[in-house]
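Proteins come first, then strands; the chains are lettered A, B, ... in the order of their sequence lines, and each starts at number 1.
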Number of protein chains: 2
Amino acid sequence: MELVKIYECLCDPTRLRLLHVLAQGPVCVCHFQAVLGEPQVKISKHLAYLRARGLVGSERQGNWVIYALPAKPSRELQANLACLQDCARGNPVFKRDLARLKQIEPSCAWVRAGEPQKAPGQCRGG
Amino acid sequence: MELVKIYECLCDPTRLRLLHVLAQGPVCVCHFQAVLGEPQVKISKHLAYLRARGLVGSERQGNWVIYALPAKPSRELQANLACLQDCARGNPVFKRDLARLKQIEPSCAWVRAGEPQKAPGQCRGG
DNA sequence: GAAGCGTATTCCTTGCGGAGAATACGGTTG
DNA sequence: CAACCGTATTCTCCGCAAGGAATACGCTTC
C-alpha cells in the first residue's frame with residue numbers, strides 16, 4: 001500500500017516539520033537548518049528519506065540543493081498534506097517554523113524565482 | 001507531538017485496515033480475524049498497540065472483547081481518520097474488508113446494540 | 001471444578017529507523 | 001589546484017516494532 005509509505009514518512013517530528021515548511025514553497029537545506037534549528041546531518045538524512053519515497057524532489061543550484069514538494073502529488077499524498085496543514089494550525093512548533101521562515105525569506109527570493117544565485121553570500125538567514 | 005503518535009499508528013497496513021473497519025462501528029476481535037484474514041495474535045497485538053495510544057477503546061462482553069473508536073476523538077485524530085476514509089475509497093483491500101464485514105454483520109447485531117450476547121454460538125461469521 | 005472458548009501476553013528472532021561523529025562529495029572562488 | 005562552502009554518505013550504536021509459537025488469562029458452560 002502506498003498509503004503506508006506516506007504514513008511512514010509522516011511519523012517523525014522532523015519530517016513533519018520539513019513537509020509543513022515545504023508547503024510554503026521550495027527551500028534549500030541550509031534554510032531548513034536555520035528554520036528547524038536542527039543539525040545538518042539530521043536534516044539531510046530526513047530529506048533523503050523523503051526523497052527516496054517520492055514525497056519531495058530536489059534540484060541542485062550551484063552549492064545549494066533546493067527541495068520541493070512534487071509537482072503532481074498523488075491523491076493520497078495531496079489529501080494527507082492538506083490534513084497535515086490543517087492539524088498544524090495552532091501547534092506552536094509549526095508556527096515557530098513558519099515565523100523563522102518568514103524572517104529568512106527575503107534573503108532567498110531567488111530560490112522561489114528559480115534563478116541561479118548571484119552573490120556567493122551567506123545562505124543562512126543572517 | 002501527538003500528531004506523530006497518530007501517524008505511528010497509521011504506518012502499518014494491518015492497523016490501517018483495523019481503523020478503517022472500525023469507522024463502520026464497534027467490532028470484536030474474532031470478526032476482525034474473519035474480515036482481515038489475519039491470525040489472532042497479529043490482530044490482538046495491533047489492537048493493543050492502538051489502544052495503548054488511545055486510538056481505540058475496548059470493552060468486554062462475556063468472552064468477547066469489542067473494540068471501538070473513541071467517542072470524542074481529538075481534532076487531529078478526527079481529521080486523519082476522515083482522511084483515511086477518503087484515501088481508502090477505491091483501494092481493493094479496504095473494499096474487500098468492508099464487503100466481508102457486511103457478510104458477517106447480521107450475526108453480530110447485538111454488538112451494535114450493546115446488548116449482552118444471548119447464545120454462546122459461533123462468533124466467526126459462518 | 002474441568003473443559004471450552006475468545007482474547008491477551010509472553011518469549012524469541014529479525015529488521016529497520018534514529019542519532020551523532022567523521023568523512024566524502026560536488027561545485028565555486030581565488 | 002588549493003581552499004572553501006553546502007550537502008550527502010558512510011559507520012556504529014541503540015531502541016523499537018513486527019512476526020510467529022507457545023502459553024496464560026478471563027469468562028462461560030456443563
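In this view, A/Val4 and A/Met1, A/Glu8, B/Pro13, B/Leu16 satisfy the side-chain contact (heavy atoms from CB on, under 4.5 Å) rule, not counting sequence neighbours. For B/Asp97, the side-chain contact (heavy atoms from CB on, under 4.5 Å) partners are B/Arg17, B/Val21, B/Val35, B/Leu36, B/Val93, not counting sequence neighbours. Remark: A/Lys42 pairs with A/Glu38 by the salt bridge (Lys or Arg N to Asp or Glu O under 4.0 Å) rule, at least two apart or across chains. Partners of B/Arg51 under the side-chain contact (heavy atoms from CB on, under 4.5 Å) rule, at least two apart in sequence or in another chain, are B/Ala48, B/Val56, B/Ser58, B/Tyr67.
Across the protein-nucleic acid pair, B/Leu47 atom CG and C/dA8 atom P stand 7 Å apart, rounded to whole Å. When the C1' atom of C/dG6 is taken as reference, atom CD of B/Gln61 falls 13 Å away, rounded to whole Å. In this structure, A/Phe32 atom CZ and D/dA8 atom P are separated by 11 Å, rounded to whole Å. Put simply, NE2 on B/His31 is 15 Å from C1' on C/dC5, counting in whole angstrom units. One atom, OH of B/Tyr7, and another, P of D/dA17, lie 18 Å apart when rounded to the nearest Å. In this entry the distance linking CD1 of A/Ile43 with P of D/dT7 reads 11 Å, nearest Å. The distance between atom CD of A/Glu59 and atom P of D/dG6, rounded to the nearest whole Å, is 19 Å. Atom CD of B/Glu38 and atom P of D/dA18 are 13 Å apart (whole Å).
Stacking of B/Arg96 on the aromatic ring of B/Phe94 is not recorded, the 6.0 Å distance cut-off and the 45° axial limit not both being met.
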Show each protein N/O and nucleotides 13-18 of chain C N/O combination with a separation under 3.5 Å, one pair to a line.
unit_1, atom_1, unit_2, atom_2, d
C/dG17, OP1, A/Arg53, NH2, 3.3
C/dG18, OP1, A/Arg15, NH1, 2.6
C/dG18, OP1, A/Arg15, NH2, 2.7
C/dG18, OP2, A/Arg15, NH1, 3.2

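To the nearest 0.5 Å, the span separating OH on A/Tyr7 from CG on B/Leu84 amounts to 5.0 Å.
Mapping B/Gln40 and B/Arg60 onto DNA chain D by nearest heavy atom places B/Gln40 at the nucleotide closer to the 5' end.
Between B/Ser44 and C/dA8, a side-chain N or O to OP1/OP2 separation shorter than 4.0 Å is present. An OP1 or OP2 oxygen of C/dA8 is reached within less than 4.0 angstrom by a side-chain nitrogen or oxygen of B/Tyr67.
For A/Trp64, the listed nucleotide lying nearest its side chain is D/dG6; candidates were D/dG6, D/dA8, C/dT7. Of all nucleotides listed (C/dG26, D/dT28, C/dA8), C/dG26 comes nearest to the side chain of A/Asn63.
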Evaluation steps, side chain to side chain contact (heavy atoms under 4.5 Å, CB included), between B/His31 and B/Leu101: CA-CA 8 Å; B/His31 281 116; B/Leu101 179 64; 5.5 Å; no
Verdict with reasoning, A/Leu10 to B/Ile6, per side chain to side chain contact (heavy atoms under 4.5 Å, CB included): CA-CA 9 Å; A/Leu10 296 178; B/Ile6 293 178; over 6 Å; no
Verdict with reasoning, B/Glu59 to B/Val65, per side chain to side chain contact (heavy atoms under 4.5 Å, CB included): CA-CA 6 Å; B/Glu59 183 193 350; B/Val65 176; over 6 Å; no
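The shortest distance between side-chain heavy atoms of B/Leu81 and B/Leu55 does not fall below 4.5 Å.
Across its full length, the helix from C/dG1-D/dC30 to C/dG30-D/dC1 shows an angle of 10° between the axes of its 5 terminal pairs at either end, rounded to 10 degrees.
Here B/Val41 lies in heavy-atom contact (under 4.0 Å) with a base. Across all strands shown, A/Val65 has heavy atoms under 4.0 Å from sugar-phosphate atoms exclusively, and none from any base.
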